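Order of the sequence lines sets the chain letters (A, B, ...), proteins ahead of strands, with each chain counted from 1. This one's a predicted model, so the numbers in the text were calculated from it and none came from an experiment.
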Number of protein chains: 2
Amino acid sequence: MSPRTYHHPDTDEIAIPRVLFALSEPLRLAMVRVLAAQGETDSLELGPDLPRSTLTHHTSLLRESGVVHVRAQGRKCLISLRTEDLESRFPGLLGAVLDGYERTTDLTDPHP
Amino acid sequence: MSPRTYHHPDTDEIAIPRVLFALSEPLRLAMVRVLAAQGETDSLELGPDLPRSTLTHHTSLLRESGVVHVRAQGRKCLISLRTEDLESRFPGLLGAVLDGYERTTDLTDPHP
DNA sequence: ATCATTGTGCGACTTCTTTCGAACGACAGG
DNA sequence: CCTGTCGTTCGAAAGAAGTCGCACAATGAT
């Protein structure tokens, strides 16, 4: 009946404080890191060990802050980084965050 | 007797999530913007209309997250950005945040 | 049609954040 | 020494955020 729809802020509505806040949460930053490495990803892959409601909470926050794009695919949920939108609005920001994260943390860590 | 001392994290202890969180607060981001424009600044200038305890709270948080350096000068308090430390640890991050902020917000706004 | 899976919304609980007043100590100046 | 200014600390209060169980709707598979 009603397919799942998601609201995404326009590119020019994306605000720096909200983006920084979204990325300041270790869990969400880890999700973003996976998205940057893998591209569009099944939402379950972003937090296999998390309760569903917790996962939804974080993906929603990332979406509403303009960091990720969400689309429904069957019963699943595909998440992708809004790389170009972020780059055009805040050039270099995402790259700096991810680079800084990479050199500080190791992807092979059990608990990043 | 006991001159005011402040603890600052080592450069290699500065963590991205804490920095992003510190910068995600509009008030603190505005303070950082002033620091970037003016260099070392009297703490009172960073929030002339704020209660002292509120100002201390934000400067402490910025200091503990590694964003600013604080030193006592007489009874006053001089704050400066740890530009080089941040640049060496997270290259381009601070610049990207400030540039993105500048193009999104106007310094002449009464309430940025 | 039935069933299992996925995501969402709701509500509750806990913890963290922010804000700010009041009291205190440190400092500079007269 | 006394006074006024500044910064810090403590505590309280309100608000925001994170976590998660549960019920429900939508979807795909059998």
>> According to ring pair (Phe, Tyr, Trp, His ring centres under 6.0 Å), does anything in residues 13-37 of chain B pair up with another residue at least two apart or in another chain? List the pairs.
In response: none
> Can you tell me how far C1' of dT19(D) sits from CG of D49(A), to the nearest Å?
Replying inline: 15 Å
>> Under 4.0 Å, heavy atoms only, any strand: does L50(A) hit a base, just the sugar-phosphate, or nothing?
In response: nothing
> Side-chain contact, heavy-atom cut-off 4.5 Å: K76(B) with L44(B)?
Replying inline: no
> For residues 51-63 of chain B, which residue pairs qualify under side-chain hydrogen bond (donor to acceptor under 3.5 Å, both in side chains), counting only residues two or more places apart or in two chains?
Replying inline: R28(B)-H58(B)
> Quick one: what's the B/S/- string for nucleotides 4-16 of chain D, heavy-atom cutoff under 4.0 Å, read 5' to 3'?
Replying inline: BBBSBB-------
> With sequence neighbours excluded, what pairs up with D10(B) under the side chain to side chain contact (heavy atoms under 4.5 Å, CB included) test?
Replying inline: D12(B), E13(B)
> Just how far, in rounded Å, is P of dC20(C) from CG of L61(B)?
Replying inline: 16 Å
> Residues in salt bridge (charged side-chain N to carboxylate O under 4.0 Å, His left out) with R89(B), at least two apart?
Replying inline: none
>> Run through DNA chain C and report every stem of 3 or more consecutive Watson-Crick or G-U pairs, distances under 3.5 Å, ordered by first number.
In response: C:1-30 with D:1-30
> What is the distance, rounded to the nearest whole Å, between atom CD of E25(A) and atom C1' of dT17(C)?
Replying inline: 13 Å
> Using 4.0 Å as the upper bound for N to carboxylate O, is an ion pair formed by E87(A) and R82(A)?
Replying inline: no
>> Do L23(B) and Y101(B) have side chains that approach each other closer than 4.5 Å (heavy atoms only, starting at C-beta)?
In response: no
>> From NE2 of H7(A) over to P of dG9(C), roughly how many Å is that when rounded to an integer?
In response: 14 Å
> Should H58(A) be listed as having a side-chain N or O under 4.0 Å from OP1 or OP2 of dT19(D)?
Replying inline: yes
> Are L61(A) and V70(A) in one and the same hydrophobic cluster, where Ile, Leu, Val, Met, Phe, Trp and Tyr link if side-chain heavy atoms are under 4.5 Å apart?
Replying inline: no
